[in-house]
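Accompanying notes for the structure given below.
By convention in this document, chain letters (A, B, ...) are assigned in the order of the sequence lines, proteins followed by strands, and residues within each chain are numbered from 1.
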2 protein chains.
Amino acid sequence: MDRLHDRVGRRLASRRVRYSRQRRELAEVLAAAGRPLTTAELVARTGLPQSSVYRNLATFEQVGVVDRIAFAADHARFELAEDVTARHHHHLVCTVCGAVEDTVMNTRQERSLRRIIAALATAGAFEVDGHRLDVLGTCRVCA
Amino acid sequence: MDRLHDRVGRRLASRRVRYSRQRRELAEVLAAAGRPLTTAELVARTGLPQSSVYRNLATFEQVGVVDRIAFAADHARFELAEDVTARHHHHLVCTVCGAVEDTVMNTRQERSLRRIIAALATAGAFEVDGHRLDVLGTCRVCA
DNA sequence: ATCAGTGCAAACTTTTTGCACCGCA
DNA sequence: TGCGGTGCAAAAAGTTTGCACTGAT
């Protein structure tokens with residue numbers, strides 16, 4: 001937790017951006033979630049007004065503290081950037097209820113995936129700096 | 001092209017849904033794109049009113065003719081479903097300009113990816129029926 | 001001929017912004 | 001104490017829907 005604030009704080013400080021009470025709260029909620037959250041969820045969990053949630057997420061995104069991802073088009077979802085969590089992960093997306101959960105692959109699998117992607121990029125003259133793997137299927141609850 | 005209309009037509013017919021002139025046009029534009037298109041792009045390219053574009057895409061999605069995917073939260077993107085194109089592909093997403101392009105992996109790579117995902121799913125008690133791989137980076141234009 | 005589909009316009013949802021006030025560096 | 005941040009409310013952007021008319025089967 002202190003580690004979280006330390007990392008986020010550093011990143012904000014390096015851009016001369018303040019780390020307010022509201023921003024700390026957002027970071028904590030995101031860190032505790034274990035999955036990407038929608039703005040509605042963030043509003044509910046933090047009690048902050050929508051405008052502050054949106055604006056702070058935008059700031060966080062610019063600074064590289066959060067990533068904005070979208071599974072459905074109607075709600076954006078946000079998660080802490082991997083630079084902050086120091087943990088690379090992917091998503092299990094339930095195509096029935098729309099639930100999204102974080103998941104981690106073991107090192108060998110991740111290495112293998114990276115190798116595949118590198119080959120793909122070479123063929124396409126595209127400079128890779130990351131990847132996003134969503135596994136689509138049915139979650140425990142919906143099965 | 002005829003093959004496209006044949007496949008889409010069959011799928012619609014099986015659900016007792018009509019294949020109107022407007023729907024043919026949407027299917028053709030999507031097939032010609034080589035990348036997922038936004039609703040704005042579809043409106044521009046087809047000349048159809050927004051409401052028809054949205055409604056027909058919703059119908060197509062229900063019937064399994066198109067997939068709705070979202071890279072940014074502000075614009076949904078649509079592409080023909082793999083059942084229709086008979087071609088599995090992934091996306092190269094430019095993090096600078098937001099451009100998205102289709103890309104295909106060779107059979108060995110795809111098999112390897114599938115194996116990795118299967119392992120991931122077993123570990124998580126999640127029933128997999130597909131995957132989505134986005135390669136993030138910088139496109140030729142932005143490099 | 002019938003009922004799904006169309007086009008317009010209006011409603012609704014999600015996200016962004018203007019503005020006056022507040023509080024941290 | 002100044003300037004970035006906050007909260008409210010209003011606007012903008014994107015998507016959906018009601019309704020009367022049209023057209024594919």
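- Per the geometry, CZ belonging to Phe60(B) stands 12 Å off C1' belonging to dG5(C), to the nearest Å.
- Following rounding to the nearest Å, Leu57(A) (CG) and dT14(C) (C1') show an atom-to-atom distance of 14 Å.
- Atom CZ in Arg16(A) sits about 18 Å away from atom C1' in dG5(D), given to the nearest Å.
- Asp83(B) and Arg7(B) are not joined by a salt bridge, as no carboxylate oxygen comes within less than 4.0 angstrom of a charged side-chain nitrogen.
- Residue Arg18(B) contributes atom CZ, which lies 10 Å from atom P of dT6(C) at whole-angstrom precision.
- Ring to ring, His131(B) and His90(A) are not that close: their centroids are 6.0 angstrom or more apart.
- Side-chain N/O atoms of Thr39(A) include one lying less than 4.0 angstrom from OP1 or OP2 on dT15(C).
- Heavy-atom distances to DNA chain D give each of Arg68(B) and Arg21(B) a nearest nucleotide, and the one nearer the 5′ end belongs to Arg68(B).
- dA12(D) atom P lies 16 Å from atom NE2 of His75(B), rounded to whole Å.
- Within 3.5 Å, no donor on the side chain of Ser20(A) pairs with an acceptor on the base of dC24(C), nor the reverse.
- The shortest distance between the side-chain N/O atoms of Tyr54(B) and the OP1/OP2 oxygens of dT16(D) is not below 4.0 Å.
- Within residues 22-30 of chain A, no residue approaches DNA chain C, by heavy-atom distance under 4.0 Å.
- Note on residues 4-34 of chain A: pairs passing ring pair (Phe, Tyr, Trp, His ring centres under 6.0 Å), not counting sequence neighbours, are His5(A)-Tyr19(A).
- In this model, no side-chain donor or acceptor of Arg55(A) finds a partner on the base of dG4(D) within 3.5 Å.
- Listed pair Ser51(B) / dC8(C) fails the phosphate criterion, with no side-chain N or O lying under 4.0 Å from OP1 or OP2.
- Between Asn56(B) and dT6(C), a side-chain N or O to OP1/OP2 separation shorter than 4.0 Å is present.
- For Arg77(B) and dG14(D), the CZ to C1' distance is 14 Å, given to the nearest whole Å.
- Partner Glu79(A) forms a side-chain hydrogen bond (donor to acceptor under 3.5 Å, both in side chains) with one of Arg35(A), Arg68(A), His91(A) and no other, that one being His91(A).
- Atom pair Leu12(B):CG and dT25(D):C1' shows a separation of 14 Å (rounding to whole Å applied).
- To the nearest angstrom, P of dT15(D) lies 12 Å from CD of Glu41(B).
- Atom CZ in Phe60(A) sits 7.5 Å away from atom CG in Leu30(A) (nearest 0.5 Å).
- Contact detail for Gln22(B) and Leu48(B): the closest heavy-atom pair is CG-CD2, 3.4 Å.
- We find that Arg115(A) and Glu110(A) are not joined by a salt bridge, their nearest charged nitrogen and carboxylate oxygen being 4.0 Å or further apart.
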